[in-house]
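Atoms within a ligand are numbered from 1 in the order they appear, just like the ligands themselves. Sequence positions, counted from 1, serve as the residue numbers for this chain.
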Amino acid sequence: MSQATEQTDIVIVGAGFTGIYMAHKAQALGLSLIALERGGGVGGTWYWNRYPGLRCDVESVDYSYSFSPTLQQEWTWTEKFPSQPEILRYLEWAAKKLDVTKYFRFNTEVTAATWHEDITRWRVTTNLGDTVQTIEAKYIVWGTGMLSIPKIPVITGLEDFTGLVLNTATWPQTPVDFTDKKVAVLGTGSSGIQVIPIVAQQAAHLFVLQRTPSFSLPANNKALAPERMAWIKDNYDQYRADARHSRLGCVTESVGKNFAELTPVEARAELERTYNYGSPMRFSSTFNDIVVDQKANKAAADFAREKIRERIADPILAKKLMPDHYITTRRLCIDTNYYETYNRPNVTLIDLREENLVRFTDSGFETTKAPYDIDIFILATGFDAITGALNRLDITGRNGQKLAAKWAVAPSCYLGIAVAGFPNMFVVAGPGSPGPLSNVVLSLEQHVEWITAMLTFLEKEGITTFDPTVEAERAWDDHVAELSNGTLMRFADSWYTGTNVAGKPRGNVVYMGGLAPYEKEIIEVATHGYLGFTLTK
Ligand code: N01
C-alpha cells in the first residue's frame with residue numbers, strides 16, 4: 001500500500017544523539033522536518049545494544065550534550081561510566097525536554113533515497129509495516145551512526161543450531177537468563193569484553209572464542225560522588241571548552257609531552273597514573289605521541305600487557321590473551337573483571353589462532369580440535385562500521401550514481417560530511433571525520449552545528465543545491481590519508497580501517513589530526529563561503 005507523497009524541507013534519519021540534536025536545530029531554523037527511525041524509540045545505538053554489562057567507555061560527564069546549559073544543569077549522572085539503561089533514559093529525557101519526539105516516526109525504515117535533479121529534491125522511500133511512504137525533501141541528514149549495522153559472520157551450519165543465538169548489537173529487550181546454561185561468546189572486542197564477565201557469573205559453563213586479543217584496562221567504574229557532579233555543574237562551561245579544544249574531545253589531564261621528553265621513571269609514573277584512573281581516553285593520552293611513535297606506543301603497550309599478565313593466574317592462558325597490535329590502533333577497551341573471569345573454573349578460552357571454528361551442528365559447534373555442546377551462542381562480532389548504515393540502502397545521487405557503488409571503491413566524503421555527486425545531503429560522522437577516535441557526542445555536536453550554519457547560509461542566499469566538487473573531495477581524502485599514514489593507524493586492522501568486513505576496501509576513514517584541529521579546518525571552509533562546494537541558485 002502506498003500513500004501520497006509528502007513534502008518537507010528536511011528529512012533526518014536516525015534518533016540517536018545526532019538525530020535528536022539535528023531535529024532541535026532544524027526546528028529552531030523554522031524548517032519543516034520529518035525524522036525517521038527504524039527502532040521503536042529514540043536512542044540509536046543505545047536503543048539496540050542492550051546486552052548486560054554494557055556501559056560507555058567515555059565518562060558520562062563527557063558523553064552527553066554540551067550545547068544546552070539547561071540539559072547540563074538538570075541531568076545528574078550517577079556513575080563515572082554510564083550504563084546503557086542510563087544513557088537511554090538520558091536520551092529519552094533530552095528528546096522530551098527539547099520537544100522533538102513529535103517529529104520522529106518510529107519503526108519506520110528508510111529503504112531508498114533518490115536525488116531528482118528536475119525538482120532539486122530528494123525522494124525518500126520508507127516502509128512502516130507494509131505501508132510505503134514517499135517524502136520529498138530539499139535536504140537529507142543521515143544520523144544513522146558509525147556503529148549501527150551488526151556484522152554477522154557466515155558460519156557453516158549455524159542455521160542448524162537448535163539453541164538460542166543472540167547478538168550483542170540487537171539484544172532482546174527482556175533479560176536473558178543464563179543460569180545452568182552452557183554458553184559460547186564469539187568475539188573479544190568492546191562488546192565481548194563487557195558481556196563475558198556477566199555471563200560467566202550465571203552460566204554453567206562459558207566458552208570464549210577469541211581470534212584477536214584486545215587491550216583492555218580496568219574501568220574502575222564507581223558511583224559519581226555528588227561533590228564531583230556538583231563541581232562539574234559549577235564548571236561545565238570551562239570543562240566543555242577545554243574538551244572542545246582537545247584532540248579527543250575529552251578532558252584528559254595529560255602531562256602533554258611526547259614519550260621521549262620524559263625520563264623512564266617519569267614515563268612509568270604517568271602510565272601508572274592514567275591506568276589507575278581507568279579511562280581509555282586518558283590512557284591513550286599518556287604521551288602525546290602514543291599513536292604516532294613506535295617507541296612511545298611500545299612503552300604503553302608493554303605496560304598494559306604487564307598489567308594484563310598480573311590479572312590472569314595461568315601464564316599459558318595469559319599468553320593467549322596477550323594483545324600483539326599497536327595499542328590504540330584497535331579500540332582500547334575498558335572492563336570490569338574481564339581478565340579475572342578467565343580464572344574461574346567455568347570459563348574456557350578457545351583460541352581461534354590455534355584451532356579453527358569449523359561448523360555448527362544442532363547441539364553446538366566443532367573446532368579443528370574438538371566438539372562443544374552449548375545452549376546459547378552469543379555473537380559479539382562487531383559492526384559494518386561508518387559506511388555500513390548507508391551502503392545497505394539504495395541511495396542514488398546525480399546521474400544515477402549509487403552511493404554503495406562509489407564507496408565500494410573508496411569511502412570518499414568531503415570533510416567527513418558531504419559526498420560529491422550527492423547534492424543537499426549531509427552525513428554526520430561520515431568517513432574522514434574524527435568521530436571514531438573521539439568523544440563522539442562532541443564530534444556529532446560539531447557536525448550538527450556546522451550543518452546548521454550551512455543551512456542558514458543556503459536559505460539566506462537562496463541557494464537551491466550544494467554539492468562538493470570531486471576535486472575537493474579527493475583533496476580531503478588525500479589529506480585524511482596523509483594524516484593517517486603519519487600514525488600507526490596505517491597498520492590497523494579493525495573497524496577503524498574497514499578491514500573487519502570481508503570485501504570492504506581498506507580505507508583511511510578516521511581523521512587522525514584531532515577534534516580541535518578538525519573543527520578549525522571545517523570552520524575555515526565555512527568562513528570562506530563553503531570552499532570546495534558548488535553552490536547553485
Ligand atoms: O566489535 P569489534 P565490538 N571469527 O569489531 C571478532 C563500540 N563499543 O562490538 O578482530 C572470529 O571491536 C573480532 O575478531 P577479529 C566501540 O567503539 C563501545 O566489540 O576480527 N572472530 C573481534 O574480536 C567498539 O570498538 C562500547 O579477529 C570474529 C570481535 O569479534 C565498537 O563498538 C561497547 C569474527 C569484534 O570486535 C565495536 O565493538 C561496545 C569471525 N568470523 C561497543 N568476526 C563501550 O563504550 C568478528 N570476530 C564500552
Side-chain angles (χ1 to χ4, degrees), residues 44-46 48-60 62-63 79-84 86-87 145-156 158 166-171 184-198 207-219 221 278-281 284 321 323-325 328-336 338 349-360 365 367 377-386 388 429 435-441 443 492-502 504 510:
T45 199
W46 303 102
W48 296 102
N49 288 256
R50 293 171 186 251
Y51 61 83
L54 173 55
R55 59 182 71 252
C56 185
D57 56 9
V58 177
E59 289 181 62
S60 51
D62 293 298
Y63 196 82
E79 291 182 274
K80 174 183 166 193
F81 289 110
S83 66
Q84 176 271 334
E86 190 167 18
I87 302 174
M146 298 185 300
L147 297 159
S148 49
I149 304 304
K151 185 201 104 166
I152 316 282
V154 178
I155 303 173
T156 308
L158 187 55
L166 298 169
N167 189 315
T168 47
T170 48
W171 199 263
V185 175
L186 176 64
T188 51
S190 304
S191 305
I193 280 176
Q194 290 190 325
V195 80
I196 283 164
I198 307 283
F207 300 96
V208 177
L209 295 120
Q210 171 193 269
R211 188 164 65 185
T212 308
S214 294
F215 279 103
S216 186
L217 315 169
N221 186 46
S279 149
M281 292 292 188
S284 58
L321 286 159
D324 52 11
H325 53 273
T328 76
T329 62
R330 296 164 62 90
R331 190 81 173 184
L332 177 56
C333 305
I334 49 162
D335 70 271
T336 302
Y338 173 63
L349 178 73
I350 298 175
D351 185 349
L352 296 178
R353 288 173 169 181
E354 290 181 354
E355 54 191 300
N356 289 333
L357 175 57
V358 179
R359 71 173 71 85
F360 262 75
F365 61 93
T367 70
F377 180 51
I378 301 175
L379 289 156
T381 41
F383 299 87
D384 183 354
I386 306 179
L437 274 193
S438 69
N439 166 15
V440 74
V441 178
S443 275
D493 269 332
S494 71
W495 68 265
Y496 289 161
T497 48
T499 51
N500 66 324
V501 174
K504 224 173 155 172
V510 188

**Q** Taking atom types as modelled and ignoring hydrogens, do the side chains of T497 and T499 form a donor-acceptor contact shorter than 3.5 angstrom?
**A**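 The answer is yes; a qualifying pair exists.
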**Q** So do I378 and W171 actually touch side chain to side chain, heavy atoms under 4.5 Å?
**A**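 Result yes, sub-4.5 Å side-chain heavy-atom pair found.
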**Q** Kindly write out the residues that satisfy side chain to side chain donor-acceptor pair (under 3.5 Å) with T45, not counting sequence neighbours, or none if the list is empty.
**A**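 For T45, the residues satisfying side chain to side chain donor-acceptor pair (under 3.5 Å) (neighbours in sequence not counted) are N49.
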**Q** How would you list, by chain and number, the residues with a heavy atom under 4.0 angstrom from ligand 1?
**A**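 Contacts of ligand 1 under 4.0 Å: Y51, L54, R55, C56, D57, L147, K151, P153, L186, G187, T188, G189, S190, S191, Q194, R211, T212, R330, R331, L352, A380, T381, G382, F383, W495.
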**Q** Can you name the side chain to side chain contact (heavy atoms under 4.5 Å, CB included) partners of I196, sequence neighbours left out?
**A**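 Per chain and number, I196 pairs via side chain to side chain contact (heavy atoms under 4.5 Å, CB included) with V185, T188, L206, V208, Y338, T341, Y342.
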**Q** Under 3.5 Å, is there a donor on one side chain and an acceptor on the other for S443 and S438?
**A**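 Present: a donor and an acceptor within the cut-off.
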**Q** Side chain to side chain contact (heavy atoms under 4.5 Å, CB included) with D57: which residues, sequence neighbours excluded?
**A**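 Side chain to side chain contact (heavy atoms under 4.5 Å, CB included) list for D57, sorted by chain: P280, R331, I334.
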